[in-house]
2 protein chains.
Amino acid sequence: MSNRLGAIEFRHLRYFTAVAEARSFRAAAQQLHVSQPPLTRQVQQLEELLGVVLLERQPRGVELTAAGAVFLDEARNLLALAEQALDRTQMAAQGQLGRLDVGVFGSAVFDAIPRVIQAFRTAYPKVEVVLHNLDRAGQIKALRERRLTVGFNRFFVEEPDLVWDVVLAEALNVALPAGHRLTDHARLTIADLSGEAMVVYPRSPRPGFIDQVLGLFHRRHLTAQVVQEVDDVVTAVALVSSGFGLTIVSDSALNLRLPGVVYRPLERNEALIDLCMIRRIDDDSPLLRAFIEVAREVLPPPPEAHAAAR
Amino acid sequence: MSNRLGAIEFRHLRYFTAVAEARSFRAAAQQLHVSQPPLTRQVQQLEELLGVVLLERQPRGVELTAAGAVFLDEARNLLALAEQALDRTQMAAQGQLGRLDVGVFGSAVFDAIPRVIQAFRTAYPKVEVVLHNLDRAGQIKALRERRLTVGFNRFFVEEPDLVWDVVLAEALNVALPAGHRLTDHARLTIADLSGEAMVVYPRSPRPGFIDQVLGLFHRRHLTAQVVQEVDDVVTAVALVSSGFGLTIVSDSALNLRLPGVVYRPLERNEALIDLCMIRRIDDDSPLLRAFIEVAREVLPPPPEAHAAAR
DNA sequence: CCGGACGATACCGATGCGGTATCGCAGCCG
DNA sequence: CGGCTGCGATACCGCATCGGTATCGTCCGG
């Protein structure tokens with residue numbers, strides 16, 4: 001590190017700036033609430049450290065030399081930037097400034113996650129929010145490598161260094177081809193779907209949404225007639241639209257409107273699907289805390305009664 | 001002036017930066033050639049002044065908090081800018097940085113002045129040179145009001161607060177319409193021009209070039225036949241081109257080539273015309289000194305023998 | 001369980017800050 | 001013209017605070 005700065009301190013800049021602006025040592029001393037001799041000494045010292053005469057001492061005060069005018073400009077700038085640095089640091093300490101990398105995946109990107117992000121960006125406009133489309137394994141890896149601050153996911157996997165929080169319990173819906181016989185019912189049950197041709201997703205990561213849905217059938221000793229496995233909810237609904245069969249989607253996915261697709265709610269007490277937030281167990285950054293708080297405010301709390309249905 | 005900076009000093013930034021970069025108090029202490037306790041103390045004090053924890057002390061060294069990372073960035077930036085401020089100030093003290101306002105007027109703008117400016121801009125590339133077209137009175141006024149650092153002029157007028165320097169003695173030439181009988185001569189004398197129709201310039205400021213030229217005639221008890229007074233040398237030569245008569249121009253104006261105009265030199269011992277530089281007597285700025293030096297280097301020194309011919 | 005490395009703390013001279021008193025100088029005014 | 005006034009510089013002093021040495025508490029690794 002080059003050390004041409006020597007022993008120059010902000011005090012020198014503050015004192016010189018005051019003297020230069022007041023065009024007087026005495027007047028500057030009053031403004032700074034110090035006596036005049038320290039000003040003389042500090043400015044002399046500054047000039048010696050710089051090797052440059054900054055002020056022309058005259059009977060009625062002082063005048064700036066050309067170099068003094070340049071240095072005044074620089075000093076003002078430095079002092080202003082130092083204050084900004086202070087502000088930014090304090091904002092960062094309060095989580096109001098920085099960068100938040102959020103992992104997202106699955107149908108929650110259609111409703112729940114955008115609502116959280118939107119609210120957070122409004123509350124913390126100077127935080128840069130970056131979304132990363134990553135599946136569960138990718139989120140876990142990225143969290144460990146500090147490329148991610150927080151991830152949204154559907155499924156709960158115990159890891160020693162990570163924390164899962166259930167932030168939302170969404171109801172389920174059946175996506176039906178228009179004209180399907182079940183569209184006559186306003187609400188459906190799992191039993192209604194027994195033997196129906198079904199499209200399921202996602203193929204990976206396992207276990208995932210698909211396993212929870214199939215679990216609903218097994219628990220009731222019913223059989224799910226899987227006609228197609230696909231990667232994601234969009235493809236699944238697209239196949240429904242083409243008449244392949246029906247599929248089951250979360251409330252968030254209701255925003256996904258395709259022609260020829262009709263949604264019917266499943267009875268809420270039949271099943272709920274969790275939305276989880278993953279984070280590092282040792283991450284206590286104010287930014288993350290702020291984000292969690294916003295998420296809790298925006299998303300309705302998951303009813304504990306149904307939490308057992310996981 | 002807001003004083004949120006408090007007692008923060010560059011020392012705090014230097015120490016914190018070193019610790020943050022080394023991720024260790026002890027390693028930073030070695031690099032800084034101080035012992036470890038002062039680092040601990042300065043960083044603690046910095047954190048207290050900021051009201052923000054910047055480092056997480058850990059058994060194997062330190063980690064940056066989010067706010068600490070932000071502040072490290074800001075501190076590095078401030079230190080770099082401070083060094084730049086130093087550089088710029090020292091450059092300004094040596095006349096290598098700043099702004100130079102130069103007043104120019106008359107035929108010297110066609111040769112002598114551009115040569116000086118060009119040389120100066122090469123030698124001092126970071127100095128902004130601004131040219132102002134001002135006549136002598138305008139230059140004097142602008143110099144007094146500090147809008148001008150230096151002015152180039154033809155005529156010497158004593159002023160208590162200004163200094164004139166003769167920087168160049170140029171020979172004179174006669175501009176003739178093509179086909180004029182005097183074009184037969186390779187060189188001319190003042191006597192050759194007696195009774196010839198002449199265009200003279202400038203109308204103002206007086207006294208000026210015109211008066212010196214006419215003085216050459218009076219001194220020899222000759223008569224100048226003035227057929228037209230115009231504002232400047234360009235107009236004068238344009239009229240010569242139209243056959244109005246002849247006019248007398250300095251060497252610099254030889255660059256002014258118009259169709260139908262032929263130049264013939266006047267004998268050097270007949271007359272020389274000075275180019276003067278005006279400046280404030282109390283201006284000892286390094287920039288001006290540097291400019292004067294360059295001007296002296298570029299322009300051939302005026303022969304003292306002819307100086308009396310003014 | 002102990003040795004070593006880390007940062008924090010306690011304490012101590014020395015530096016250097018800011019304060020008071022005063023000087024030297026220049027412009028102003030009676 | 002001589003004292004007055006207001007300016008920045010200087011001399012000197014007390015004390016805050018710097019940096020240094022010695023040491024502590026703690027965690028990690030052998």
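Each chain gets a letter, A, B and so on, in the order the sequences are listed, and its residues count up from 1.
- As a whole-Å value, the separation of A:Ile8 CD1 from C:dG16 C1' is 17 Å.
- Atom OH of A:Tyr15 is separated from atom P of C:dG16 by 16 Å (rounded to the nearest Å).
- Across residues 39-56 of chain A, A:Arg41, A:Gln42, A:Gln45 each have a non-hydrogen atom less than 4.0 Å from an atom of DNA chain C (numbered order).
- Panel note: side chain B:Trp164, backbone B:Phe155; a donor-acceptor pair is recorded below 3.5 Å.
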request  = Dump the intermediate steps for side chain to side chain contact (heavy atoms under 4.5 Å, CB included) on B:Phe105 and B:Gln139, then the final yes or no.
outcome  = CA-CA 9 Å; B:Phe105 184 66; B:Gln139 290 186 16; 3.8 Å; yes
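- Among the nucleotides D:dG20, C:dG7, C:dG18, the one closest to any side-chain atom of B:Pro38 is D:dG20.
- Between the C1' atom of C:dG7 and the CD atom of B:Gln30 lies a distance of 15 Å, rounded to the nearest Å.
- Distances shown here put a side-chain N or O of A:Ser24 below 4.0 Å from the OP1 or OP2 atom of D:dG8.
- With sequence neighbours left out, the side chain to side chain donor-acceptor pair (under 3.5 Å) criterion links B:Gln94 to B:Gln96.
- C:dG18 atom P lies 12 Å from atom CD of A:Glu9, rounded to whole Å.
- Here A:Arg57 lies in heavy-atom contact (under 4.0 Å) with sugar-phosphate atoms only.
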key: Worked verdict on A:Thr17 versus A:Glu21 for side-chain hydrogen bond (donor to acceptor under 3.5 Å, both in side chains)   = CA-CA 6 Å; A:Thr17 303; A:Glu21 286 177 350; 5.9 Å; no
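- By the 4.5 Å heavy-atom criterion applied to side chains, B:Arg57 and B:Val43 are counted as neighbours.
- Taking atom CZ on A:Arg23 and atom P on D:dG8, their separation rounds to 13 Å, with Å as the unit.
- The side chain of B:Arg26 lies closest to C:dC6 when the candidates are D:dA9, C:dA10, C:dC6.
- You won't find any donor-acceptor pair under 3.5 Å spanning the side chain of A:Gln58 and the base of C:dA26, going by distance alone.
- B:Arg279 places none of its side-chain heavy atoms less than 4.5 Å from the side chain of B:Leu162.
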Listed pairs, N/O of protein and of nucleotides 24-27 of chain D, under 3.5 Å:
none

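- A salt bridge between A:Arg121 and A:Glu128 is absent, with no side-chain N of the basic residue lying under 4.0 Å from a carboxylate O of the acidic one.
- Closest approach to the B:Arg11 side chain among D:dG19, C:dA8, D:dT10 is made by D:dG19 (side chain taken as heavy atoms from C-beta onward).
- In this structure, CZ of B:Phe25 is placed 16 Å from C1' of D:dG19, rounded to the nearest angstrom.
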request  = Please report the C-alpha distance between A:Glu159 and A:Arg280 in whole Å, then the side-chain angles of each, then the deciding distance to 0.1 Å, and finally whether the salt bridge (Lys or Arg N to Asp or Glu O under 4.0 Å) criterion is met.
outcome  = CA-CA 10 Å; A:Glu159 296 283 347; A:Arg280 285 189 298 277; over 6 Å; no
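- Taking the side chain as every heavy atom from C-beta outward, A:Leu78 and A:Arg76 never approach each other to under 4.5 Å.
- For the pair A:Ser35 and C:dG19, the criterion of a side-chain N or O lying under 4.0 Å from OP1 or OP2 is met.
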